[in-house]
Student: 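Structure in structure tokens, see below.
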Amino acid sequence: MKSVKSIALAALAAASLSSCGYNTMVEKQEAVDAQWAQVENVYQRRADLIPNLVATVKGYASHESETLTAVVEARTKATSVNVDASSLNQEQLENFQKAQGELSSALGRLLAIQEAYPDLKANENFRDLSAQLEGTENRIATERKKFNDTARDYNTFIKMFPNNLMAGIFSFESKPYFKADEGSDKAPKVEF
């Protein structure tokens, strides 16, 4: 008789935990982690394109060594910032985003070199790499938006009652969002 009560109690506990939202929290947290991996994937694609782009530019504009060095150093810094999606917090995301922003800035200076070198601008390899890089930047924006959407869905779910009670018990914490770069809320000044 005692084992029947134990089994019934265990079944009741399992049923109450399955309806408490725990499994959904796990599922949503995994979705955030998977989306973070996709964000890292597109940033890695960009990092992988850079050595080829630098080598192509170096062949035409070798005396632009300061710009080339800045790109290589920014790439190294950006790829060295590792973030664990399972413990992602605002500070880690800001550090990651800062390193990626520095790389974007250095790449912008590198791509601007083409205006001073018509032969480089006409080089098919450079044009292809530039187009791939532009496509990758668009992918980055798309994946960052998807990450924010996935994080919002997860954050909303764990903050809703009664899920917030279970989230607290099982240590489910909010995930940070990508934010616009500082100053991007102001339109650039254009002069003719």
Student: A85 and D33: which non-hydrogen atoms are nearest, and at how many Å?
Tutor: O-OD1, 3.3 Å

Student: About how many Å separate CG of D119 and CZ of F126, when rounded to the nearest 0.5 Å?
Tutor: 12.5 Å

Student: Is there a donor-acceptor pair under 3.5 Å between the side chain of Q114 and the backbone N or O of L111?
Tutor: yes

Student: Is the shortest heavy-atom distance from the side chain of Q29 to the side chain of F157 under 4.5 Å?
Tutor: no

Student: Would you please test E40 and F147 for side chain to side chain contact (heavy atoms under 4.5 Å, CB included) and show each step?
Tutor: CA-CA 11 Å; E40 288 182 319; F147 175 82; over 6 Å; no

Student: Is the backbone of N52 close enough, under 3.5 Å, to the side chain of T56 for a donor and an acceptor to pair up by distance?
Tutor: yes

Student: I need the minimum non-hydrogen distance between L88 and P176, along with the two atoms involved.
Tutor: O-CD, 3.6 Å

Student: By salt bridge (Lys or Arg N to Asp or Glu O under 4.0 Å), which residues pair with K146, not counting sequence neighbours?
Tutor: E143

Student: Hey, could you give me the CG/CG distance between D128 and L53, rounded to the nearest 0.5 Å?
Tutor: 11.0 Å

Student: Could you go step by step and tell me if R45 and N41 meet the side chain to side chain contact (heavy atoms under 4.5 Å, CB included) rule?
Tutor: CA-CA 6 Å; R45 183 178 192 279; N41 181 39; 5.7 Å; no

Student: Flag yes if I169 and M160 sit in one hydrophobic cluster, no otherwise; membership is Ile, Leu, Val, Met, Phe, Trp, Tyr, and two members link when side-chain heavy atoms are under 4.5 Å apart.
Tutor: no

Student: Can a donor-acceptor pair be found between the side chains of R152 and T156 at a distance below 3.5 Å?
Tutor: no

Student: In residues 67-75, what donor-acceptor pairs under 3.5 Å come from side-chain atoms, sequence neighbours left out?
Tutor:
unit_1: T69; atom_1: OG1; unit_2: S65; atom_2: O; d: 2.8
unit_1: R75; atom_1: NE; unit_2: A47; atom_2: O; d: 2.6
unit_1: R75; atom_1: NH2; unit_2: A47; atom_2: O; d: 3.3

Student: If every non-hydrogen atom of R46 is compared with every non-hydrogen atom of L107, which pair is closest and at what distance?
Tutor: CD-CD1, 3.9 Å

Student: Where do K159 and N164 come nearest, in terms of heavy atoms and distance?
Tutor: O-CB, 3.8 Å

Student: Should the heavy atoms of other residues, nucleotides or ligands under 6.0 Å from CD of E115 be counted, would the total exceed 12?
Tutor: yes

Student: Examine the side chains of N23 and E27 and answer whether a donor and an acceptor come within less than 3.5 Å of each other.
Tutor: no

Student: How long is the gap from CG on N163 to NZ on K28, to the nearest 0.5 Å?
Tutor: 9.5 Å

Student: Looking at D149, N155, N148, which one forms a side chain to side chain donor-acceptor pair (under 3.5 Å) with Y177?
Tutor: N155

Student: A side-chain contact here means heavy atoms from C-beta on lying under 4.5 Å apart; do W36 and T150 qualify?
Tutor: no

Student: Show the nearest heavy-atom pair for residues A151 and K175, with the distance to one decimal.
Tutor: CB-CB, 4.1 Å

Student: Applying side chain to side chain contact (heavy atoms under 4.5 Å, CB included) to Q90 and K179, what does each step give before you reach the verdict?
Tutor: CA-CA 10 Å; Q90 190 63 43; K179 296 179 182 172; 3.7 Å; yes

Student: Over all heavy atoms of both residues, which pair between L49 and Q132 is shortest? Give the atoms and the distance, please.
Tutor: CD2-OE1, 3.1 Å

Student: For F161, which fellow cluster members are found when Ile, Leu, Val, Met, Phe, Trp and Tyr are connected by side-chain heavy-atom distances below 4.5 angstrom, either directly or through intermediates?
Tutor: L165

Student: Distance from N89 atom CG to S174 atom OG, nearest 0.5 Å?
Tutor: 12.0 Å

Student: In sequence, state the C-alpha distance, the side-chain angles, and the governing distance for M25 and F170, and then conclude on side chain to side chain contact (heavy atoms under 4.5 Å, CB included).
Tutor: CA-CA 10 Å; M25 286 180 220; F170 292 107; 6.0 Å; no

Student: Let me check something: do F178 and V81 share a hydrophobic cluster, defined by ILVMFWY side-chain heavy atoms less than 4.5 Å apart, either directly or through other members?
Tutor: yes

Student: Measuring from atom CD of E30 to atom OG of S86, what distance do you get when rounded to the nearest 0.5 angstrom?
Tutor: 9.0 Å

Student: Looking at side-chain heavy atoms only, is the closest gap between Q100 and Q97 below 4.5 Å?
Tutor: no

Student: Tell me whether the count of non-hydrogen atoms from other residues, nucleotides or ligands lying under 6.0 Å of CD in E137 goes above 12.
Tutor: yes

Student: With no hydrogens and no angle check, is any side-chain donor or acceptor of Y154 less than 3.5 Å from a backbone partner on E173?
Tutor: yes

